[in-house]
Each structure stands twice: as structure tokens, then as C-alpha cells.
Amino acid sequence: EAQNWTLPQTINFDGNLYPQVAHTYKWFAAQSTLEDQSANMGMNENGVIVVGSDQTSWDDNIQPDGKYLRDQYLLALILQRATSATHAIDVIDSIIDDTEWVTRAETYLIGDNDHLWVVEVTGNNYVAKPLDNSVYGMGNYYSIGTDWNNPGYLYSSTLVQDAADHGCDISITGFSG
């Protein structure tokens, strides 16, 4: 249900409080049949569609400091807040690049009537690749690789330094290294 919120308010994610925004949109999500029951696809009232797929990454074994955002929570926040597919990238940026929250490795296809993006996230980093056609195959692996800084791509401000801090030369191994 779309809702206006009186601020400040928070959302409880596994005992960690996350700030609420002033307005959220109606949305729905489908759950997988996996044991963890994670939501891996959904759509909101603005026509933003998000589909997620689990990945592995160089920072999978990093232990978060308690501000861990499950992939289904990130998907829900995107759907609650995004007005368009491109705005969804801003939502992701405001959640995982501009805060101390971290998430597990995941690839999202995010689209609306005008744009389609493949967005790969891990830890507190992301890379968003604009897609210029209506067909894209997605498996359980990262696909952006060393193309993360191509023109038109968007990525988190801490990406290069975080990779280097964990022994990964992202210019050689790419985002999936």
C-alpha cells in the first residue's frame, strides 16, 4: 500500500533500524521456493520491475558490523521508493553507498517502460550498466567484469578503494574478481 510517513521513522531489519522516507509506493514481490524465502522479483505502482539473482564476490566473507541488509530487504526498499528504473539506481546509491549498510552479492535487472539496467551489488558497492536492447540473459554470475567504468555506467564512490583494501585490483579482475 502506498503510504505517507510522519518523519522521523525507522524500519526494523533483523534488529537494525533503517531510516524511513516520507512516501512509499505500492509494490508486490514474489518469493522463491528456497528455504530462505527471499523475494527475488517484484514491481511497484510506477511500473518499476526488479528481478534479483544471487552471486559470489571477492567480499563474500567480509563480516558486516551488524548493519547487514538482506537482498530481499534491498529489493523491497527499491520497489517502495523508486519512481523509475533510473531512479532505482539513486535509491541503491543512497542505501549502500551513502550509509554503513552492507548487502550480499546480488545482480538485479531493473526496468521500466523507458530504461533497463543490470545492477550488480556486493558489500557496500554497486555497478549499474545501462542496457540498450530488450533482451538480456542473466545467470548466477557477474557479467560486468572490467567494463565497470564504461561511459554511461554508474558505480559506488568507494568501489575502487574497497576492492584495493581487500587485495583486489578491480582494473584487472573486474567487479566480479
Side-chain angles (χ1 to χ4, degrees), residues 13 18-19 21 38-42 44 46 48-65 67-177:
F13 292 125
Y18 189 81
V21 293
S38 63
N40 53 11
M41 66 183 70
N44 73 13
N46 299 313
V48 177
I49 298 173
V50 181
V51 178
S53 177
D54 294 342
Q55 311 303 333
T56 58
S57 175
W58 53 266
D59 66 354
D60 275 350
N61 296 320
I62 297 171
Q63 295 299 314
D65 66 357
K67 293 188 173 186
Y68 176 71
L69 191 62
R70 294 176 189 245
D71 52 323
Q72 66 265 33
Y73 298 156
L74 180 57
L75 184 139
L77 288 171
I78 294 166
L79 292 171
Q80 289 173 6
R81 297 170 181 207
T83 57
S84 68
T86 302
H87 180 239
I89 311 307
D90 293 335
V91 171
I92 292 169
D93 185 82
S94 71
I95 294 168
I96 65 173
D97 191 33
D98 297 343
T99 69
E100 297 175 3
W101 287 78
V102 298
T103 189
R104 65 181 292 203
E106 187 85 4
T107 294
Y108 297 99
L109 285 178
I110 302 176
D112 59 21
N113 282 336
D114 300 316
H115 297 95
L116 183 61
W117 294 85
V118 60
V119 183
E120 298 176 351
V121 300
T122 187
N124 62 346
N125 291 292
Y126 72 90
V127 176
K129 172 185 176 178
L131 299 176
D132 56 7
N133 62 42
S134 59
V135 178
Y136 184 80
M138 180 173 77
N140 290 83
Y141 59 89
Y142 282 135
S143 63
I144 292 176
T146 56
D147 295 335
W148 59 271
N149 61 351
N150 280 356
Y153 287 37
L154 304 172
Y155 53 91
S156 54
S157 63
T158 59
L159 178 64
V160 175
Q161 187 60 53
D162 283 351
D165 289 348
H166 294 96
C168 179
D169 183 346
I170 197 164
S171 63
I172 295 171
T173 60
F175 188 67
S176 60

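Quick note: residue numbers are just sequence positions, from 1.
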Exercise. Using the side-chain contact (heavy atoms from CB on, under 4.5 Å) rule, take Ile95 and Tyr73 through it: C-alpha gap first, then chi angles, then the decisive distance, then the call.
Key: CA-CA 11 Å; Ile95 294 168; Tyr73 298 156; over 6 Å; no
Quiz prompt | Which atom of Tyr155 lies closest to which atom of Trp148, heavy atoms considered | solution = CD2-O, 3.4 Å
Quiz item: Which distance, rounded to the nearest 0.5 Å, do you find between the CD of Gln72 and the CD of Glu106?
Solution: 9.0 Å
Quiz item: Who passes side chain to side chain donor-acceptor pair (under 3.5 Å) against Asp169, sequence neighbours left out?
Solution: Ser171
Practice problem: Say whether, by atom type as modelled, one donor and one acceptor occur between the side chain of Thr107 and the main chain of Glu120 under 3.5 angstrom. | Solution: no
Exercise. Taking all non-hydrogen atoms of both residues into account, name the closest pair between His115 and Asp112 and its distance.
Key: N-OD1, 2.7 Å
Practice problem: Would you give the length of the straight line joining atom CG of Asn149 to atom CG of Leu154, rounded to the nearest 0.5 angstrom? | Solution: 12.0 Å
Exercise. Indicate the atoms forming the closest heavy-atom contact of Ala163 with Ile170, along with that distance.
Key: CB-CB, 4.1 Å
Exercise. Kindly determine whether Ser84 and Asn46 satisfy side chain to side chain donor-acceptor pair (under 3.5 Å), including the steps that lead there.
Key: CA-CA 7 Å; Ser84 68; Asn46 299 313; over 6 Å; no
Quiz item: How many angstroms lie between atom CG of Leu77 and atom OH of Tyr18, to the nearest 0.5 angstrom?
Solution: 6.5 Å
Quiz item: What closest approach, in Å, do Thr83 and Val48 show between heavy atoms, and which atom pair accounts for it?
Solution: C-CG2, 3.9 Å
Practice problem: Work out which heavy atom in Asn124 is nearest to a heavy atom in Thr158; give both atom names and the distance. | Solution: O-OG1, 3.8 Å
Self-check item: Leu131 and Leu109: CA distance, side-chain angles, deciding distance, side-chain contact (heavy atoms from CB on, under 4.5 Å) verdict
Solution: CA-CA 10 Å; Leu131 299 176; Leu109 285 178; 4.1 Å; yes
Quiz item: Does a donor on one side chain sit under 3.5 Å from an acceptor on the other, for Tyr126 and Asp93?
Solution: yes
Quiz prompt | Spatial distance of atom CD1 (Ile49) from atom OH (Tyr108) [nearest 0.5 Å] | solution = 16.0 Å
Quiz item: Does any N or O in the side chain of Asn44 come within less than 3.5 Å of the main-chain N or O of Ala82, such that one atom is a donor and the other an acceptor?
Solution: yes
Self-check item: Which atom of Arg81 lies closest to which atom of His87, heavy atoms considered
Solution: O-CE1, 3.2 Å
Quiz item: When rounded to the nearest 0.5 angstrom, what is the spacing between CD1 in Ile78 and CG in Asp90?
Solution: 11.5 Å
Quiz item: With no hydrogens and no angle check, is any side-chain donor or acceptor of Asn125 less than 3.5 Å from a backbone partner on Ser156?
Solution: no
